[in-house]
Structure formats: C-alpha cells, structure tokens
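Data first, discussion second: the structure below is written as structure tokens.
Chain letters run A, B, ... following the sequence lines, proteins first and then strands; every chain starts at 1. Note that the structure is predicted; figures quoted are calculated from it, not measured.
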Number of protein chains: 2
Amino acid sequence: MALDHALLVALRERPGSGYELARRFDRSIGFFWTATHQQIYRVLRRMQELGWVRAEVVPQDARPDKKVYEVTPAGAAELQRWIAEPVEPEPVRLALGVKVRAAAFGNAKALREEVARQRDRHAQRLDLFQQIEKRDFPDPRRLGPQASAQYLVLRGGIMVEKGWVDWCEEAIGVLREMEAGQ
Amino acid sequence: MALDHALLVALRERPGSGYELARRFDRSIGFFWTATHQQIYRVLRRMQELGWVRAEVVPQDARPDKKVYEVTPAGAAELQRWIAEPVEPEPVRLALGVKVRAAAFGNAKALREEVARQRDRHAQRLDLFQQIEKRDFPDPRRLGPQASAQYLVLRGGIMVEKGWVDWCEEAIGVLREMEAGQ
DNA sequence: GTCCGCATGTAACTTGTTACATGATTTA
DNA sequence: TAAATCATGTAACAAGTTACATGCGGAC
C-alpha cells in the first residue's frame, strides 16, 4: 500500500485536486508510479479520514467545483516515517520474459514482431526522457533538493529504458534464429 | 492475468505438482515472475476446468499424494495464441523513486542507508545471475531453442540488476549532498 | 450537435496477499 | 523434541481494474 505515499509526495510537491493528480499520474509521477483516478479518489478519502491530508473546496465558475488537497503535518510525519522503512523487493513480472520462454515451443515469429514493437516503444520513451533531461536539467550539478530528486528519478528511467532497448535488440536476434529452426 | 501463461510455460518445460511449481517460482522462473502457492493452486484448478491442463494423481509412500499437472493440446494452443497478443505496458511501481522524491522534504540520511542496502541486494543478485550464466551457458552460441530462451531471459535479468546497482550508486551520491543541506 | 476537457464518484470484479489448517516423515 | 520438508488447501482481506454515471461548458 504505497499509493498513499506516492500521493503524499505529489501533494507536498504541489497541492491539487484528485483530477489534477490523476493527470500528473499520467505524466511525470506516472513514469514511476501508475494509478487511475478511481484509485486516487478512494485513497484521498481514506487519507483525509486518517488526517494525513486536508481538503478545501474551491468553487469555480464555468467549471465544476474542485477539492484541493494538501498534506497536513500528520501526513508529513507519516512520510518521514515511511522513508526510513525498508523497501521490500517488488514482485517481478516480466511478461516478455515469459513469452520468450513460451516461444521456444513455437510462434517465435509473432513474438519477434511484438518485441520489435516493444523496442520502438521503449526507444520513444527513452527519447522523451532524454529530451526532458536536456530541457529541465541542463546543469545537474547545481540543483535544489527537490529538483535533484526529480533528476535522479529521471536518470533511473533513462537507465531502465536503455536496458530495455538493448535487451529487445538481443532478443530479436535470438528469436530470429529460433524462427529458422521452427 | 498472465500467471496462467507463466504456469503453462513452466509445465511445458517440465510437468509437475502445484507444490513443485511453487518451489520453481522461488527460483528460476521466479526471477521474472513471482507467485505464492495459494495463487498457483487456484489458477491450476481453473486451468483444469478450462481444459488447458490435466492432472494425474500420483500416490507416494512416506509422502502425501501429489497431483502432477501437464499441458493439454488445448493449453498449448492457448499459449501460441497468447504469444501473438500484444504485451500491454506493465504498470510501473518504483517505491525507491517515490522515496527519493519524498527525501527532498527530509530524512535523506535514512533513505541513503536503505539505498545502500538495496545496492547490496542487487549486487548479490547480479552475482548470482552471472554465476548461473557462467555455469549453465558457457558457450551461448550453440544452444537449443529452450536453452537460448532461458539464456535470453537471464541476460535481461543481468542487465536490470546492473542498471540498479549503477543507479543506487548515483542515488547515494545525490542523497549525501541532500543530507548536507537538511 | 457531437465530442472533448473538467470534476467527482459508485459498483462489480479480478488479482494478489496473509493467515490459518492438516498431517505424515525426515533431520538436527 | 523441535524443526523443516512434502503436499494441498480454505477464508478473509487488500489492492487494482473496468465499466458506468453525472453534468456543465467550450471547441469544431
């Protein structure tokens, strides 16, 4: 149960409504933590009951009212506590890995095409991340704490995507040979 | 819902009981797909109802009987079908990423220590994978289809772990600076 | 006049986790 | 005599997904 904490971080970086958070989860934060709006609303309500966030209803004209959430001192304390907790290893789930091993029994061609699509997807994402890096962090040596945390996470994303692209290339080669023998 | 297919792959590689599969999921297959025994039993039963696997009760002396499962032709066909299906991007959940951004608001020291532990964990795992590589795949150029699929997945694991180790090193540096300013 | 964006939600479902239960045999 | 291994399972719960509902305003 860490969506709670992901939301706390997001709200500490900038208060916002559930809707607004959902959009952020489609972009920046969503690069390393995903959530749908239903989940977000549910967790926000629970955190409000726990006193970790407080909501202020902001009336708007020409738009529905919104509830802007912000982190309370209790929420900030919870975040501090949680940081110190050990991270248990997250469950691994590499569908492509399963498929590769499945392809040993046939249909390597279909998988090779799929892997090629995945490679393109990851390459695209890598490109996006590198653009963000260039645009937002041209001089990474002097950054404030918030910015350097964001930069670090971005660097992680870049590493992951690079790894995927390389692996897909390797996989395509192996699958092509497998294909020849099927 | 891909535990089904992970189990089909595992059973095609070698038939076995639920218990035996659970142990495999703690080792080889578990490196890229995790599952507990409860989940495995549940899914096996469902797949039997669907006709994807069939079970044979094997009486044993000095041990409880076991049900050895194997993949039926219908199960094999399902696997072929599934391979060709596009892999939708798996939800990203990087707790460490969230924590790094949380650490911008305090407690960077606790996180740095935790990241160091993570680095060690990943380094250990990397070492394990590299040992397996050396032991089981000394000459990767001539492998049968099953072995080359296994090798490819292992290579993926090695890449991922290397990436993590590097990232953790980077993170420790950044957190140390953050710490100095908190 | 239809679709998109803003804004919040309910309900039903699937998947995954945790705790517990049983019972024999081998190992320390 | 306590523990670990083999072997299968139930029950309760937590987390995440999908589908649906509402309603206004602006853009095309």
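We find that A:E114 and A:R117 are joined by a salt bridge, their nearest charged nitrogen and carboxylate oxygen being less than 4.0 Å apart. By the 4.0 Å N-to-carboxylate-O rule, A:E161 lies close enough to A:R125 to be salt-bridged with it.
Ring geometry for B:H5 against B:W82 counts as parallel: the plane angle stays under 30°, on a 0 to 90° scale with 60° as the upper cut. Under the 30°/60° scheme for interplanar angles, the aromatic rings of A:H122 and A:W164 are found to lie parallel.
Counting to the nearest Å, the C1' atom of C:dC6 and the CG atom of A:D61 are 13 Å from each other. What separates CZ of B:R46 from C1' of D:dG9 is a distance of 17 Å, to the nearest Å. Going from atom CD of B:Q39 over to atom P of D:dA11 covers 18 Å, rounded to whole Å. Protein atom CZ of A:F25 is 16 Å distant from nucleotide atom C1' of D:dT17, rounded to whole Å. We find that CG of A:L44 is positioned 16 Å from C1' of D:dG16, with the value rounded to whole Å. Taking atom CD1 on A:I40 and atom P on C:dT8, their separation rounds to 11 Å, with Å as the unit. A:R24 has its CZ atom 13 Å from the P atom of C:dA7, to the nearest Å.
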Under 3.5 Å, N/O pairs linking protein and nucleotides 4-7 of chain D:
residue	atom	partner	partner atom	Å
D:dC6	OP2	B:Y19	OH	2.8
D:dA7	OP1	B:Q60	OE1	3.0
D:dA7	OP1	B:Q60	NE2	2.4

Contact list (N/O, under 3.5 angstrom) for nucleotides 18-20 of chain D vs protein:
residue	atom	partner	partner atom	Å
D:dA19	N6	A:Q38	NE2	3.0

(request) May I have the step-by-step check of ring-ring contact (aromatic ring centres under 6.0 Å, His included) for A:F129 and A:F31, ending in yes or no? (result) CA-CA 10 Å; A:F129 287 173; A:F31 295 145; 4.9 Å; yes
(request) Start with the C-alpha gap between B:K99 and A:V87, add the side-chain angles, then the distance that decides, and say whether side chain to side chain contact (heavy atoms under 4.5 Å, CB included) holds. (result) CA-CA 9 Å; B:K99 288 205 179 185; A:V87 176; 3.7 Å; yes
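Here the rule is side-chain contact (heavy atoms from CB on, under 4.5 Å) with B:P15, and of B:E20, B:R54, B:E70 only B:E70 fits it.
Side-chain N or O atoms of B:R93 include one that pairs as donor or acceptor with a backbone N or O of A:T34 at under 3.5 Å. A:S17 places no side-chain N or O within donor-acceptor distance of the main-chain N or O of A:V68, the cut-off being under 3.5 Å.
Remark: the A:D120 side chain and the A:Q124 side chain contain no N/O donor-acceptor pair separated by less than 3.5 Å. Checked by atom type, the side-chain pair A:E56/A:Y69 shows no donor-acceptor distance below 3.5 Å.
Each end of the helix from C:dG1-D:dC28 to C:dA28-D:dT1 gets its own rotation axis from five pairs of C1' atoms, and the angle between them is 30° to the nearest 10 degrees.
Nearer the 5' end of DNA chain D, as judged by each residue's closest nucleotide, is the contact made by B:R45, out of B:R93 and B:R45.
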